[in-house]
Amino acid sequence: MNYNFDEIIDRRNTGAIKIERCKALYGSEDVLPLWVADMDFRTPDFIFEAIRERCEHPILGYSMPPKEFYPSLMNWISDHHQWEVKRSWIGFLPGIVPGLAFAVQSLTVPGDAVIVQPPVYYPFFHVVKNNNRELINNPLKLVNGKYEMDFEDLERKITPNTKLFILCNPHNPGGRVWPEETLKQLADICAKHNIIVVSDEIHADMVLDGHKHVPFAAVSESAARISLTFMAPSKTFNMPGLISSSYIIPNDVLRHKFVDFLEASELIGGNIFAYAATVAAYEKGEEWRKQMLDYVQGNIDYVVDFLKTNIPQIKPMYPEASFLVWLNCKELGMETDELFDFFARKAGLGLNKGTTFGPGGEYHLRLNVACSRLILKQAMEQLAKAVKERV
Ligand SMILES: Cc1ncc(COP(=O)(O)O)c(C=O)c1O
């Protein structure tokens, strides 16, 4: 079956954050919304079928995950990432960002230091600062147009107060798929200093051509011992509104601490539709996932080629995973706020402002290309026209 990713779907009046917040953020409801990291593609039919099937039963009572829930996740991880996960290591998590906050709350105390690697997905900062922990930035380095980890800076910044490291694997907004060697080195440093690593792997199933996702916990025994891994089908199968993710924690002591916190806060359950959709995604989603990634790859190539030919001042970072393209717009000669306004008001485009991702985000914008190619073409043409008129 060939899925149609060219389709343009009207998302107005569905409460879509991407649409609803445009006026407040970009000053107009008419910008093309290319920001929030969900897709404008139709959520696949097998997800709706699973939800409809559950609706056939007349009672929507308190429910446990179906018996297929954990095996479907374990098989998926084994098939896609060659990581053999034990049933006892896994549990349901009501969202990955909430999971990051629970990790901060359960594994550190106020005043402890938590390390993140900016530019990075901005809730990483919020879960640290809003819980009164000290935020330590270990900025990524740009080497030949790709982000790399700066281990010298990391070692310099670690103190006895440093308790947690939040890793984005693969990386958002840079789309980097971290090499095994990098993750091993990170694991060695963190293990040496007794730092727990929370690895956010929500983008793991969207690795693009020629790259391979490596789960942090799978790189070494010490990585397994010090880590919590969070995974979800929500981003890959375009169902983040259902809220379904899982934690994987091989170390019994760490897992008990984390789970005790979840239990004490009554945060252990999901909803029946999230359960049903998750099983359907993992059991029936492979073909759709492949076709979706082919389309996304085509969109990335289109944007990269278009910019090279028509707006060479904008340098995209070629993503190795996912549907987000990190645009370096420094050569347009504007400060970040001005750039953001220029994209919104002159080009009619709503992108994420680079500085929300922390240090290193200056002069950048993040573009979401998970939309119909027609929309993307319109976006690029609007941008080229605005840049031309400015000169
Ligand atoms: C790195 C990363 N983690 C987590 C999330 C969101 O996870 P959740 O919706 O499960 O809270 C996103 C969404 O963009 C993301 O990019």
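Each residue takes its place number in the sequence, starting with 1. Start at 1 and go down the list; that is how both ligands and their atoms are numbered. All figures in this text were calculated on a predicted structure; none of them were measured in a lab.
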Applying ring pair (Phe, Tyr, Trp, His ring centres under 6.0 Å), run through Tyr247 and Phe230 and close with a yes or a no.
CA-CA 5 Å; Tyr247 63 78; Phe230 297 162; 7.4 Å; no

Give the minimum heavy-atom separation between His81 and Ala204, together with the two atoms involved.
CE1-O, 3.6 Å

Checking Lys284 against Phe46: charged group under 6.0 Å from the ring centre and within 45 degrees of the axis?
no

Cationic tip of Arg373 within the cone over Tyr295's six-membered ring, i.e. under 6.0 Å and within 45° of the normal?
yes

Please identify each residue that fulfils salt bridge (Lys or Arg N to Asp or Glu O under 4.0 Å) with Arg289, with sequence neighbours left out.
Glu286

For ligand 1, output the ligand-protein N/O contacts shorter than 3.5 angstrom; if there are none, return none.
| unit_1 | atom_1 | unit_2 | atom_2 | d |
| --- | --- | --- | --- | --- |
| ligand 1 | 3 (N) | Asp200 | OD1 | 3.4 |
| ligand 1 | 3 (N) | Asp200 | OD2 | 2.5 |
| ligand 1 | 10 (O) | Ile96 | N | 2.7 |
| ligand 1 | 11 (O) | Ile96 | N | 3.3 |
| ligand 1 | 11 (O) | Val97 | N | 2.9 |
| ligand 1 | 14 (O) | Lys235 | NZ | 2.6 |
| ligand 1 | 16 (O) | Asn172 | ND2 | 2.8 |
| ligand 1 | 16 (O) | His203 | NE2 | 2.8 |

Between Thr355 and Thr336, does a side-chain hydrogen bond (donor to acceptor under 3.5 Å, both in side chains) hold up when you go through it step by step?
CA-CA 7 Å; Thr355 43; Thr336 318; 5.0 Å; no

